[in-house]
Student: 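One structure coming up, written as structure tokens, with questions to follow.
The first residue of the sequence shown is numbered 1, and numbering continues consecutively from there.
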Amino acid sequence: QVQLVESGGGLVQAGGSLRLSCAVSGGTFSTYTMAWFRQAPGKERNFVATISPGGARTTYGDSVEGRFTGSRDNAKNTAYLQMSNLEPEDTAVYYCAASIGGHAQTNPAGYPYWGQGTQVTVSS
């Protein structure tokens, strides 16, 4: 059974930074495409980033391109999302997700495994 646990969320002022972590247990982490999504109250879950199984390839949503960086450490079975220059519009619950194989999907339906989410709040 694959389990994902996010951590690192919190309250930060606009312009600040946070790093989210996603620890994965079960299965073979190095074969998973990892992704980050976020969901604000009353809104749908939106794509943030994907990270290829080896970590060499990343993709980003338009609203976070240039500010967020996805990475992973396959030795630690952990994925990361470094968030910089945060804006109040980035306030949301952030979820990590995993799928087996190397297809970087932006649709949440493509990911069978999910974490419980971590709250990020950016104050103006």
Side-chain angles (χ1 to χ4, degrees):
Q1 183 177 359
V2 180
Q3 293 185 320
L4 288 70
V5 179
E6 300 99 334
S7 61
L11 174 64
V12 63
Q13 288 189 331
S17 299
L18 279 176
R19 188 177 81 155
L20 305 183
S21 298
C22 176
V24 179
S25 60
T28 305
F29 179 72
S30 61
T31 67
Y32 300 154
T33 290
M34 297 300 298
W36 291 92
F37 291 82
R38 66 186 183 185
Q39 188 166 18
K43 296 188 177 181
E44 62 184 18
R45 192 167 296 190
N46 289 327
F47 165 69
V48 174
T50 65
I51 309 157
S52 64
R57 297 186 307 276
T58 53
T59 63
Y60 299 97
D62 289 342
S63 62
V64 307
E65 181 85 53
R67 300 187 297 121
F68 290 12
T69 302
S71 63
R72 64 194 293 160
D73 185 338
N74 284 353
K76 295 182 178 180
N77 288 0
T78 302
Y80 304 97
L81 184 69
Q82 177 68 47
M83 305 185 294
S84 302
N85 195 19
L86 283 160
E87 304 168 352
E89 294 73 20
D90 295 318
T91 294
V93 177
Y94 283 71
Y95 298 89
C96 66
S99 68
I100 298 173
H103 185 40
Q105 302 178 77
T106 61
N107 188 332
Y111 295 87
Y113 308 113
W114 289 85
Q116 81 289 350
T118 186
Q119 177 70 47
V120 172
T121 303
V122 184
S123 63
S124 56

Student: Is the closest side-chain heavy-atom distance between Thr69 and Tyr60 below 4.5 Å?
Tutor: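 A side-chain contact exists here, since the closest heavy-atom pair is under 4.5 Å.
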Student: Write down the atom of Gly9, the atom of Thr118, and the distance for their closest heavy-atom approach.
Tutor: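 For Gly9 versus Thr118, the nearest heavy atoms are N-OG1, 3.2 Å.
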Student: If Ile, Leu, Val, Met, Phe, Trp and Tyr residues are connected whenever their side-chain heavy atoms lie under 4.5 Å apart, and connections chain through other members, are Tyr80 and Leu4 in the same group?
Tutor: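 As far as the 4.5 Å side-chain criterion goes, Leu4 and Tyr80 are not connected within one cluster.
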Student: Can you list every pair that meets ring-ring contact (aromatic ring centres under 6.0 Å, His included) and has a residue in residues 104-124, with sequence neighbours left out?
Tutor: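 Qualifying pairs: Phe37-Tyr111, Phe37-Trp114.
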Student: So, the side chain of Arg72 versus the backbone of Pro53: is there a donor-acceptor pair under 3.5 Å, distance only?
Tutor: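 Yes, Arg72 side chain to Pro53 backbone: donor-acceptor pair under 3.5 Å.
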Student: Report the C-alpha distance between Val64 and Trp36 in whole Å, list the side-chain angles of each, state the deciding distance to 0.1 Å, and finish with yes or no for side chain to side chain contact (heavy atoms under 4.5 Å, CB included).
Tutor: CA-CA 11 Å; Val64 307; Trp36 291 92; over 6 Å; no
Student: Please enumerate all residues that pass side-chain hydrogen bond (donor to acceptor under 3.5 Å, both in side chains) together with Ser63, with sequence neighbours excluded.
Tutor: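 Applying side-chain hydrogen bond (donor to acceptor under 3.5 Å, both in side chains) to Ser63 gives Arg38.
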Student: Within the 4.5 Å heavy-atom criterion, are Val120 and Leu20 side-chain neighbours or not?
Tutor: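 Val120 vs Leu20: side chains touch.
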Student: Would you list the pairs meeting ring-ring contact (aromatic ring centres under 6.0 Å, His included) in which at least one residue belongs to residues 86-106, sequence neighbours left out?
Tutor: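 Sorted pair list comes back empty.
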Student: Heavy atoms, side chains only, cut-off 4.5 Å: are Met83 and Arg67 in contact?
Tutor: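 Side chain of Met83 against side chain of Arg67, heavy atoms only: no contact under 4.5 Å found.
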Student: Please step through side chain to side chain contact (heavy atoms under 4.5 Å, CB included) for the pair Met34 and Phe29, ending with a clear verdict.
Tutor: CA-CA 9 Å; Met34 297 300 298; Phe29 179 72; 3.8 Å; yes
Student: Under a 4.5 Å cut-off applied to non-hydrogen side-chain atoms, are Val2 and Tyr32 in contact?
Tutor: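 Touching, per the 4.5 Å side-chain cut-off.
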Student: With a 4.5 Å cut-off on side-chain heavy atoms, are Leu86 and Gln13 touching?
Tutor: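 Gln13 vs Leu86: side chains apart.
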Student: Between Thr59 and Thr50, is any side-chain donor less than 3.5 angstrom from a side-chain acceptor?
Tutor: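 There is such a pair between these side chains.
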